[in-house]
Amino acid sequence: MSNIKVQKIPDKGWGFVSKGQAARDNSIVAYIPFHLLLNTTKVGKYAKEKAPKLEETFQALLKNGVSLTERIVLICFLLYERFGRSACGEEPSFWKPYVDILPHTLHTPLFYDNTLRACLDGTSLKSAVDAKSNKLRREYNTLRPYFNQWSAQPSTTDNNVNDGHDIITFDHFIWGDGVFWSRVLSFGSRIASDSNLVGIDPDDYHLVPFLDFANHSLRPYARWELTNEGVELILTKSDSPEPILPDTEICISYGDKPNSELLFIHGFTLNDNPWSAISFPVPFYENDEFEEEKFIFMQYHGIKPLVSLTRKKGGAELTHESTRAMWISVLKKEDGLKFTNVTNESNESNESNNESQPVNLMIGDKIIRTLDELDNAINEPPLSQEIERRVINSILENVEHLLSHLKQTNEQVLKMMESGKNLRELEYIKIYREDEYKFLEYAVDDFTRKRESLMPDEYIME
């Protein structure tokens, strides 16, 4: 018998607590077999066998060239089960009890009213929320006509049924997206790294009923493990002889997530969160004649046009992908940089069966075809020292700007927060703003030191 139970946790919703005293001994306290899990394979099988309207939607989307990603398939299922199925007059699915118990109200910034959204002014999250909202709006406008076919009544227009009312509204759609990102588990990396995991559905993303009651903690008592039969919740072994006391919340770790990510995806922040990070768009030089070609090259090689800084023991550090993005952004014509259009060259290639990259990036007379080749070219002196100097200066300029912008909005926003209602969202936003402010100060100090440490030498090009 399991030694945990599900109950309401203040300010968290549902969560796990211990029934009685428990030892931290790698014991299994919950087991969720694979047949309960939701993934693209199961949704596809269910649609074909028991949900003809949902299957029609998937087929119509494919016919019209809309990509059926795992995310879109699972969002469509959640929306169909909660809102569309009854409109079609179809029987509920096996997963109806799970969908029914999902929170109907989410507290992430996408659901903030105008006052709460304004409290994000000056932060890096504000632009991320706006961009996400715009992206979801575009997706919704694409999918809306298909959603509106979920009716037992014939459609009277291409877009609307039920007297002009949408079956799935935009708020419904962002709910589905929010449920997906806040609850989905990725199995891909675990399957790839464990040869003993065989016979599992090939999908990466899975919704795991029951396990998703587990809340996040920096000091978790439990972890989840993937087996060939399902997913286990395990009390992590500890060297401490102290047992877990009755009615103690049993949390897992969602990963090393900064407050910006916790707020964006899950709707909460942590006062003592040691993980800090900030992201901003790749800062191309003003009037960079190669900006378009650089962007195309980055897109082809899967480099996001985003710079991400994280707090490490040695200072504020760029992720490896962000480092490459910054290299490309600061490269100049005087470095020997040029781009050539390869459209007409693809027939001359011995690799004509492979999709050719749309532009060739060249440094001097060297064509950069892979990211490894980019790494090698940039790390050769004298170019390496000059690129390092430019990257540090560009990062410093941008974090100084972000810090200044946050300072300018802080006083106004704090007054707004003090005059507002005593909402937990306001407390979470306040924690996030303070955390971002401290990290930006830290990043400015760190990159100032890095800039000062670069002494002129024979390799630095004037």
Side-chain angles (χ1 to χ4, degrees), residues 71 108-110 112 117 119-136 177-178 181-182 186 254-270 273-285 288 291 294-295 297-299 301-330 371 390-410 413 428-429 431-448 450:
R71 169 179 160 270
T108 62
L110 283 169
Y112 287 176
R117 187 77 70 92
C119 291
L120 296 174
D121 286 350
T123 69
S124 61
L125 196 54
K126 178 63 164 60
S127 59
V129 172
D130 291 342
K132 176 73 171 182
S133 181
N134 291 335
K135 177 180 182 290
L136 290 176
D177 179 79
W181 285 118
S182 62
S186 171
Y254 294 175
D256 300 339
K257 296 182 182 294
N259 277 330
S260 54
E261 187 174 349
L262 290 175
L263 187 59
F264 188 64
I265 295 177
H266 301 283
F268 68 88
T269 54
L270 298 173
N273 194 346
W275 309 108
S276 297
I278 193 166
S279 298
F280 51 88
V282 171
F284 293 106
Y285 288 131
D288 186 341
E291 181 175 342
K294 288 178 178 181
F295 185 81
F297 180 86
M298 289 166 63
Q299 189 176 43
H301 287 282
I303 301 174
K304 294 179 182 178
L306 197 68
V307 179
S308 296
L309 280 174
T310 58
R311 184 192 293 269
K312 302 289 185 182
K313 288 183 178 180
E317 294 185 7
L318 289 166
T319 63
H320 188 49
E321 182 178 346
S322 294
T323 299
R324 285 170 166 164
M326 285 302 305
W327 287 344
I328 295 168
S329 76
V330 301
L371 295 181
R390 291 182 201 162
V391 167
I392 288 174
N393 285 336
S394 181
I395 294 294
L396 181 57
E397 179 182 341
N398 278 272
V399 293
E400 285 178 332
H401 171 74
L402 290 170
L403 180 59
S404 174
H405 188 43
L406 189 56
K407 282 181 179 178
Q408 291 170 9
T409 58
N410 261 351
V413 169
Y428 291 148
I429 294 171
I431 292 171
Y432 160 62
R433 291 184 70 94
E434 291 173 351
D435 181 64
E436 182 156 299
Y437 188 89
K438 290 176 182 177
F439 180 57
L440 283 171
E441 284 190 318
Y442 174 78
V444 167
D445 289 344
D446 185 55
F447 275 86
T448 299
K450 289 174 180 175

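This chain uses plain numbering: 1 for the first residue, then up along the sequence. Keep in mind that what you see is a predicted model, and the values were worked out from it rather than measured.
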To the nearest 0.5 Å, how far apart are OG in S124 and CG in L406? 8.5 Å
State whether the side chain of S182 and the backbone N or O of G178 hold a donor-acceptor pair below 3.5 Å, judged by distance alone. yes
Are the side chain of E436 and the backbone N or O of I278 linked by a donor-acceptor pair below 3.5 Å? no
If only atom types and distance count, is the side chain of S329 paired as donor or acceptor with the main-chain N or O of M326 below 3.5 Å? yes
Decide yes or no on side chain to side chain contact (heavy atoms under 4.5 Å, CB included) for L306 and E321, but give the supporting numbers first. CA-CA 9 Å; L306 197 68; E321 182 178 346; over 6 Å; no
With distance as the sole test, does K294 use its side chain to make a donor-acceptor pair with the main-chain N or O of I328 at under 3.5 Å? yes
Sequence neighbours left out, what passes side-chain contact (heavy atoms from CB on, under 4.5 Å) with E400? Give chain and number order. L396, V444
Nearest 0.5 Å, what's the OG-CH2 distance between S322 and W327? 11.5 Å
Are any non-hydrogen side-chain atoms of D130 and R117 less than 4.5 angstrom apart? yes
Could you measure the distance from the CG atom of N259 to the CD atom of E434? Nearest 0.5 Å is fine. 10.5 Å
Under a 3.5 Å cutoff, is there a donor and acceptor pairing between the side chains of T319 and S308? no
Check whether any side-chain N or O of K312 sits under 3.5 Å from a backbone N or O of E317 as a donor-acceptor pair, and report yes or no. no
Minimum-distance pair of heavy atoms, taken over all atoms of Y112 and L263: OH-CD1, 3.4 Å
Separation between CZ (F295) and CD1 (I303), nearest 0.5 Å, reads 11.5 Å
Does A316 offer a backbone N or O that forms a donor-acceptor pair with the side chain of D446 under 3.5 Å? yes
Beyond-backbone contact of L270 with L262, side-chain heavy atoms, under 4.5 angstrom: yes
Is the count of non-hydrogen atoms from other residues, nucleotides or ligands lying under 6.0 Å from K304 atom NZ greater than 12? no
Under 3.5 Å donor-acceptor, Y437 side chain and Y432 backbone: no
May I ask you to test the L120-P109 pair for a side-chain heavy-atom distance under 4.5 Å? yes
If every non-hydrogen atom of A325 is compared with every non-hydrogen atom of V282, which pair is closest and at what distance? CB-CG2, 3.8 Å
Y285 side chain reached by V330 side chain, heavy atoms, under 4.5 Å: yes
Separation between NZ (K407) and CG (L440), nearest 0.5 Å, reads 10.0 Å
Can you find a pair of side-chain heavy atoms, one from V307 and one from P283, that are under 4.5 Å apart? yes
Search all heavy atoms of C119 against all heavy atoms of V413 and return the closest pair with its distance. O-CG1, 3.5 Å
Quick check: do W181 and H266 have side-chain heavy atoms less than 4.5 Å from each other? no
Heavy-atom closest pair (A277 atom, T310 atom, distance to 0.1 Å) is CB-CG2, 3.9 Å
Within the structure provided, determine whether V399 and F280 are in side-chain contact (heavy-atom separation under 4.5 Å). yes
Do N273 and T269 come close enough that some side-chain heavy atom pair is under 4.5 Å? no
Minimum heavy-atom distance S394-N398, with the two atoms named: O-ND2, 2.8 Å
Counting only heavy atoms not in E397 (residues, nucleotides, ligands), do more than 12 fall under 6.0 Å from its CD? no
Aromatic Y254 / basic K257 pairing, under 6.0 angstrom, 45° off normal: no
Is it the case that R311 places NZ or CZ above or below the six-membered ring of Y442, under 6.0 angstrom from the centre and within 45 degrees of the axis? yes
Atom CG of L125 and atom CD of E261: how far apart are they, to the nearest 0.5 Å? 10.5 Å
Please name the pair of heavy atoms, one in L318 and one in T323, separated by the smallest distance, quoted to 0.1 Å. CB-OG1, 3.4 Å
